[in-house]
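Okay, so here's the structure we're looking at.
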Amino acid sequence: MSKIQTIEQLNELSNNVKSLLSIREQGEKSDDKTKADIKAIANGSKEKINILICGGTGCKSSESDKIVENFRNKISELGIQEEVKVLKTGCFGFCEKGPIVKVLPDNTFYVMVTPEDTDEIVNTHIVGGNKVDRLLYKNTETNESISDSKHMDFYKKQMRIALRNCGVIDPNNVNEYIAREGYKALATCITSMDSQQVINLMKESGLRGRGGGGFPTGLKWEIASKNNADQKYVVCNADEGDPGAFMDRSILEGDPHSIVEAMAICGYAIGASMGRVYIRAEYPLAIKRLEKAILDAREIGLLGDNILGTNFAFDIEITFGAGAFVCGEETALIHSMEGERGEPTMKPPFPAEKGFWGKPTNVNNVETFANIPVIILNGAKWYKAIGTERSAGTKVFALAGKVNNVGLVEVPMGTTLREVIFDIGGGIKNGKKFKAVQTGGPSGGCLTEKDLDTPIDFDNLIAKGSMMGSGGMIVMDEDNCMPAVAKFYLEFTQEESCGKCTPCRIGTTRLREILSMICDGKGTMEHLDELKRLSGVIKDTALCGLGQTAPNPVLSTLDAFYDEYLAHVVDKKCPSAQCQKLLEYVIIPDNCKGCTLCARQCPVNAISGSVKEAHVIDKLKCIKCGACIDKCKFKAIIKR
Amino acid sequence: MEELSQEKFQELGQFIDSLPSKKGELIRVLHKAQEIFGYLPKEVQYFVGRKLGVSTAKVYGVVTFYSYFTMSPKGKNHISVCLGTACYVRGAEPVLDEFRKILNIQGTETTPDGKFSLCSLRCIGACGLAPVVTVGEKVYGRVTKEMVAGILAEYK
């Protein structure tokens, strides 16, 4: 590939490669209710067809690589490679129904495809011209087949800005990114705007940091740009540490060039020539795609010296994290990039003054960067009009847990939790009752039924005692025990506490111990007061965000589920029947047939009874291992 | 010990020598060392410290700080049970307990015959398949307690 030296050459290339995406864009615009199926190749049609297969981590885990291989083999076996192109894309977002296969131009969205299904798709659909009904998504209420994703509840309310290219382009092909107006925003900035104009545009757009803090991005850039130094750095925080959040990984896997482009724009705005991506070593696929994107961008001259014939120079390196949640905090991340333990330091000085190697450093997260090229191209006004007054734009949520449609969801700010969980998410699994939703990961809080109609934005979530965080959204049903959930989060933060400051190191340990006692039935009323008091102290005195927010899961569950804590402490009962030590195993005499299976299974001989007579469990001997309940064929044993 | 062979130390030494600057490269070097040796025993930590001109205490401090680095060798089949929140609320804990019970190991360690090692990790991002277990490269989704014995049998 030759280097692109002027903006005219970039535009020319963009026009030349447009055809790469024409079939897909035609498909996006079409509507399956009006458009006929693709013409069958069997009838001699030479219509060009694209088969897109999700290559995100979720679908790859379900053998999507094998699906790609099978398609390619079948297509070449039939000798129709000219007509049919098989492409591996980034994440479509609908992980619950993965692996996803999309056929274009007739916009057919196949769900839960297995490697064995590929022949049928090729024979029936591609060659025969008929859709494979069995693999189409079924409306949960009417059971009607829906073939176009636009008509699925999961996608109807979504608005994909940060995820605009995920599941659309081949992430390994820079030309496909350029065909989607890629690098045009960078070109516009460096050829026709000065750095202050770029910063002003970002400020006017109202974009706030998507990594958790919600700090205005334009303002952050302005501070970094005003600090003069011989070298400055742009850092992309791709150390997605919140368990249950995977939007940053999906963006890097599905659209790595958008991050490369946005980092270069940021470099131009703040006056930096060096960029670093700090990425989790646990994300091998994202690393591979990003490395390829950086190499390709260098090769065509969109990274390096004199970009597009200007004086602007910018390049990007990758640094691997090694698994530490606290490294999501800016100062800790910078120390880790310097090869040290990832311990945070007091702010000020902020990284914008003294960051990486003591130089002014601007840290933004992946999703924040992913929004930037579109904002430059469409303008601040366009972006500001999306979302709410104080939180502009969209937010990507990783919707997971006990919800029917697990996946990546991007909605305008101001969408309510109810819309996300029930309309997009399809409600609670197995018809159970909604209990709570945890937003913001281990730093966030639990929201309940009464909060469901709150419009989601940065400030509303904080007002409700939770936070946006990086966008994890874990749904829980009636079977989840809230003190146990709080304990789970505290186990996480205690393990991840770096140990530097006492309130966090010792405080989270004590919180965890108290929660363990409560779940084991050894809790007292004093413990409940202690939890509150200690949480307050930690919030006020911990050094960094990790410590200050660590008590949130405790406080929010104490607030919303005080009854459940009381049941554990006073009645020594777990209402959700989750806490092993508070459970009681009982045989219902009417259901017991006296088959003796349970008695033979019991490791401590706690079950007695004669053949064909109802058995009894000795509560004093029972160790609550649950072996009996798994074996009983008559559902005669219950735990309560 | 074969796993700490001279060739491996040589390979690591060459990698360190090839770095343009040693400043701030400790974590990168440890990643490489773990890639070569599979784990980071104290011999390797001494070596890294000497080569980079930093104290072994500092190397040890960094190794123990990050969960990705391990000081004990992994088993032939490495099992990871995801304990991310999505997997947790869908019942990953009983799955982990079942692995421990069958393999007869307590925390996260390697079986005496070196066949299996077990660890819990935080989110591999396949939340649609929760609870998720990985054995080597292979991913098992929607795992229940009852499936554990069957999964292990594949590697016996």
Side-chain angles (χ1 to χ4, degrees), chain A residues 56-62 94-98 240-246 249-250 280-283 319-325 327 336-343 357 398-402 406-407 429 438 441-442 472 474-477 479-480 485 488-489 492 495-496 498-499 626 630, chain B residues 21-32 34-35 40 52 54 58-70 80 82-94 97-98 101 120-130 132-134 137-142 144-146:
Chain A
T57 295
C59 287
K60 258 175 89 89
S61 305
S62 310
F94 205 171
C95 307
E96 182 74 33
K97 298 286 177 194
E240 194 166 45
D242 171 2
F246 50 98
R249 198 207 57 214
S250 294
R280 291 180 74 183
E282 290 92 331
Y283 283 177
T319 306
F320 299 130
F325 180 64
C327 289
S336 181
M337 287 203 325
E338 292 167 348
E340 307 277 336
R341 287 163 68 98
E343 290 172 351
W357 298 127
L399 187 60
K402 302 277 188 68
V406 168
K429 261 198 169 351
Q438 165 90 13
I474 311 280
V475 179
M476 297 172 212
D477 69 7
D479 290 343
N480 290 111
V485 167
F488 167 80
Y489 278 114
F492 178 84
E495 224 169 77
E496 293 294 337
C498 77
D630 297 338
Chain B
S21 155
K22 293 189 175 63
K23 186 182 163 198
E25 298 291 10
L26 177 54
I27 293 178
R28 187 200 296 245
V29 169
L30 290 174
H31 271 295
K32 185 73 186 176
Q34 186 156 301
E35 187 189 311
L40 300 170
L52 287 178
V54 297
K58 185 174 168 181
V59 178
Y60 178 78
V62 170
V63 169
T64 50
F65 186 86
Y66 295 98
S67 62
Y68 195 78
F69 297 133
T70 166
S80 306
C82 180
L83 276 193
T85 323
C87 288
Y88 170 80
V89 300
R90 286 213 208 166
E93 231 175 8
D97 289 341
E98 187 72 7
K101 202 166 111 189
S120 63
L121 50 74
R122 304 284 182 187
C123 202
I124 60 164
C127 306
L129 301 172
V132 178
V133 170
T134 62
E137 298 277 292
K138 175 137 189 188
V139 183
Y140 297 85
R142 302 191 172 102
T144 60
K145 198 172 109 181
E146 289 71 30

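So that the names make sense, note that chain A is the first sequence line, chain B the second, and so on, each numbered from 1.
Using a 4.5 Å cut-off between heavy atoms, A:Lys60 does not touch chain B at all. For a residue to count as touching a neighbouring chain, one of its non-hydrogen atoms must lie under 4.5 Å from one of that chain's; by this rule A:Glu495 touches chain B with the side chain only. Of the atoms belonging to A:Glu96, heavy atoms from both backbone and side chain fall under 4.5 Å from chain B. Of the atoms belonging to A:Cys59, not a single heavy atom falls under 4.5 Å from chain B. No part of A:Asp479 comes within reach of chain B, as not one of its non-hydrogen atoms sits under 4.5 angstrom from that chain. Proximity to chain A (any heavy atom under 4.5 Å) is shown, for B:Arg90, by both the backbone and the side chain. With a threshold of 4.5 angstrom between heavy atoms, A:Ser336 approaches chain B through its backbone and through its side chain. Within the 4.5 angstrom heavy-atom criterion, only side-chain atoms of A:Tyr489, from C-beta onward, approach chain B.
Note that CG of A:Leu399 and SG of B:Cys127 are 10.0 Å apart. Values are rounded to the nearest 0.5 Å. Here A:Glu282 contributes atom CD and B:Leu121 contributes atom CG; the two are 8.0 Å apart, rounded to the nearest 0.5 Å. Rounded to the nearest 0.5 Å, atoms CD (A:Glu340) and CG (B:Leu26) are 8.0 Å apart.
Checking side-chain atoms of B:His31 against main-chain N and O of A:Ala281 turns up no donor-acceptor pair under 3.5 Å. Judged by distance alone, the side chain of A:Thr57 and the main-chain N or O of B:Ala126 form no donor-acceptor pair under 3.5 Å. No side-chain donor-acceptor contact under 3.5 Å links B:Thr85 to the backbone of A:Gly244.
Of the listed residues (B:Gly141, B:Pro94, B:Gly61), the greatest number of heavy-atom pairs within a distance under 4.5 Å of chain A belongs to B:Gly61. Comparing B:Lys145, B:Lys23, B:Lys138, B:Glu146 by heavy-atom pairs within less than 4.5 Å of chain A, the highest count is held by B:Lys23. Interface check for chain B: of the options A:Met337, A:Lys429, A:Met476, the most heavy-atom pairs under 4.5 Å are formed by A:Lys429. Counting heavy-atom pairs closer than 4.5 Å to chain A, the top residue among B:Thr134, B:Val62, B:Asp97 is B:Val62. Chain B forms the most heavy-atom pairs under 4.5 Å with one residue out of A:Ala324, A:Gly407, A:Ala400, A:Gly342, and that residue is A:Gly342. Interface summary for chain B: among A:Gly98, A:Pro442, A:Gly339, the most heavy-atom pairs under 4.5 angstrom belong to A:Gly339.
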Check step by step if side chain to side chain contact (heavy atoms under 4.5 Å, CB included) holds for B:Glu93 and A:Phe488. CA-CA 10 Å; B:Glu93 231 175 8; A:Phe488 167 80; 5.8 Å; no
Pair B:Lys58, A:Arg341 - check side chain to side chain contact (heavy atoms under 4.5 Å, CB included), show working. CA-CA 9 Å; B:Lys58 185 174 168 181; A:Arg341 287 163 68 98; over 6 Å; no
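Counted by atom type alone, A:Ser61 and B:Tyr140 present zero donor-acceptor pairs between their side chains at under 3.5 Å.
A:Ile474 approaches B:Ala86 most closely through the heavy-atom pair CD1-N, 3.8 Å. Across every non-hydrogen atom of A:Ala322 and B:Tyr66, the tightest pair is O-CB, 3.2 Å.
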